[in-house]
Amino acid sequence: MSNDLFETDEGIERVWQEVLAEDALILRGYALAEQHVLLRAVDDVIREAPFRHLVTPGGFTMSVAMTNCGPLGWVSDRRGYRYDAIDPTTGKPWPAMPPVFLNLAKEAAALAGFDDFVPDACLINRYEVGTRLSLHQDRDEADTNQPIVSVSLGIPAIFQFGGNQRTDPKIRVPLTHGDVVVWGGRSRLAYHAVLPLKANSHPLTGSVRINLTFRKAR
Ligand code: MD3
Ligand code: FE
């Protein structure tokens, strides 16, 4: 855990950092400065590309509701998982990535040492009370040398973080409103999960948690 000064385009900024694991860096509260703009941008995206519950290749409906913005979006159906430029629900391209999303993802990645991260996909997850995300790896992206940046908004979740093997020991970490995490290098293919959300409420989102994940899919 450390409280460090960084020189950025905006001047000097103070960032609270926690090393979660090798090459996994938590920037606690890093999104707070933009919280209102971020949530307004989520509302704009979901008006064009509503949240939906995707079906896994195995035929299970996911309890997390999802949508995307940016040039590519992550989708799942009976045929498999993939990134696609077209939203299967609307038949149209995904909404553009809001500038505030892109800038935040790039800045966070740069703080973690990924200077030229340019995400082409932002997956937006919505968790309601009881929603969970079962243990998985994120390996649908072409280049796993590129990090993933996640932004948590709304009610807290307990995140589970393991190793590169499904059965590796796992640690539990709370992720709360405004937390940003950069997952790269040796953490990039780690198994992870979100435990069922407990009832709670946040002044800006109500009883919901929103998670943004920025990815370089291609
Ligand atoms: C560690 N989302 O969308 S964000 C996902 O809170 C996903 O919605 C969770 O797992 C959520 O795939 C967790 C944290 C996260 C995202 C991607 C990772 C952790 C990661 C990729 C590799 C390792
Ligand atoms: Fe994931």
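These numbers were taken from a predicted model, which means no experiment stands behind them. Throughout, numbering of the chain's residues begins at 1 and tracks the sequence.
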> Under the 3.5 angstrom rule, does the side chain of S76 hit a backbone N or O of V55 as a donor-acceptor pair?
Replying inline: yes
>> Per the salt bridge (charged side-chain N to carboxylate O under 4.0 Å, His left out) rule, what does the pair list look like for residues 189-205, sequence neighbours excluded?
In response: none
>> Given Y30, which partner from the list V182, V181, L111 fulfils the side-chain contact (heavy atoms from CB on, under 4.5 Å) test?
In response: L111
>> Please report the interatomic distance OG1(T144) to NZ(K216), rounded to the nearest 0.5 Å.
In response: 13.0 Å
> Are V118 and D116 close enough, and set up right, to give a side-chain contact (heavy atoms from CB on, under 4.5 Å), and what steps lead you there?
Replying inline: CA-CA 6 Å; V118 183; D116 36 38; 5.7 Å; no
> Between A105 and V149, what is the shortest heavy-atom contact and its length?
Replying inline: O-CG2, 3.9 Å
>> How long is the straight-line distance from CG of L38 back to CG of D43, given to the nearest 0.5 Å?
In response: 11.5 Å
> Do you know the tightest heavy-atom contact between R188 and D138?
Replying inline: NH1-O, 2.8 Å
> Partners of F161 by ring-ring contact (aromatic ring centres under 6.0 Å, His included), sequence neighbours excluded?
Replying inline: W183
> Listed by chain and number, what are the side chain to side chain contact (heavy atoms under 4.5 Å, CB included) partners of L32, not counting sequence neighbours?
Replying inline: Q35, H177
>> Evaluate Y127 against N211 for side-chain contact (heavy atoms from CB on, under 4.5 Å), listing each step before the verdict.
In response: CA-CA 8 Å; Y127 295 77; N211 182 266; 4.3 Å; yes
>> Applying side chain to side chain contact (heavy atoms under 4.5 Å, CB included), can you list everything that pairs with L102, at least two apart in sequence or on another chain?
In response: M97, K106, P119
> Which value, rounded to the nearest 0.5 Å, describes the distance between I26 atom CD1 and D179 atom CG?
Replying inline: 7.0 Å
> What is the minimum heavy-atom distance between P71 and D120, and which atoms define it?
Replying inline: CD-O, 3.1 Å
>> According to side-chain hydrogen bond (donor to acceptor under 3.5 Å, both in side chains), does anything in residues 16-27 pair up with another residue at least two apart or in another chain? List the pairs.
In response: E18-R28, E22-R186, D23-R186
>> With no hydrogens and no angle check, just 3.5 Å: does a side-chain donor-acceptor pair link Y83 and E141?
In response: yes
>> Test side-chain contact (heavy atoms from CB on, under 4.5 Å) on L123 and R215; report intermediate values, then the result.
In response: CA-CA 8 Å; L123 173 64; R215 299 132 186 280; 3.8 Å; yes
>> With rounding to the nearest 0.5 angstrom, report the CG to CG distance, L20 to L25.
In response: 9.0 Å
> Roughly how far, to the nearest 0.5 Å, is OG1 of T56 from OH of Y81?
Replying inline: 5.5 Å
> So how far is it from I155 CD1 to S201 OG, rounded to the nearest 0.5 Å?
Replying inline: 8.0 Å
Side-chain donor/acceptor pairs under 3.5 Å, residues 61-70, sequence neighbours excluded:
residue: S63; atom: OG; partner: R132; partner atom: N; Å: 3.2
residue: S63; atom: OG; partner: R132; partner atom: O; Å: 3.1
residue: T67; atom: OG1; partner: A49; partner atom: O; Å: 2.8
residue: N68; atom: OD1; partner: W74; partner atom: N; Å: 2.9
residue: N68; atom: ND2; partner: W74; partner atom: O; Å: 3.0

> Of the non-hydrogen atoms in G130 and P196, which two are nearest, and what is the gap between them?
Replying inline: O-CB, 3.9 Å
> Are R218 and D143 ion-paired here, with the side-chain N under 4.0 Å from a carboxylate O?
Replying inline: no
> Closest approach of F214 and V151, non-hydrogen atoms and distance?
Replying inline: CE1-CG2, 3.9 Å
> Taking only residues two or more places apart in sequence or in another chain, which ones pass side-chain hydrogen bond (donor to acceptor under 3.5 Å, both in side chains) with N103?
Replying inline: none
> Can V45 be reached from V75 by stepping across I, L, V, M, F, W or Y side chains whose heavy atoms are under 4.5 Å apart?
Replying inline: no
> For H192, which residues count as a ring-ring contact (aromatic ring centres under 6.0 Å, His included) partner, sequence neighbours excluded?
Replying inline: H136, F159
>> Strictly by side-chain hydrogen bond (donor to acceptor under 3.5 Å, both in side chains), give each pair with a member in residues 44-54 just once, sequence neighbours left out.
In response: D44-R47, R52-D87, R52-T89
> If every non-hydrogen atom of V129 is compared with every non-hydrogen atom of N200, which pair is closest and at what distance?
Replying inline: CG2-N, 4.5 Å
> For L195, which fellow cluster members are found when Ile, Leu, Val, Met, Phe, Trp and Tyr are connected by side-chain heavy-atom distances below 4.5 angstrom, either directly or through intermediates?
Replying inline: I158
>> Using side-chain contact (heavy atoms from CB on, under 4.5 Å), reason through D84 and L72 one step at a time and then give a plain yes or no.
In response: CA-CA 5 Å; D84 203 315; L72 293 168; 6.0 Å; no
> Which pairs count as salt bridge (charged side-chain N to carboxylate O under 4.0 Å, His left out) when at least one residue sits in residues 151-175, sequence neighbours excluded?
Replying inline: none
>> Under the salt bridge (charged side-chain N to carboxylate O under 4.0 Å, His left out) definition, can you give me all pairs with a residue in residues 66-80, not counting sequence neighbours?
In response: D77-R79, D77-R82
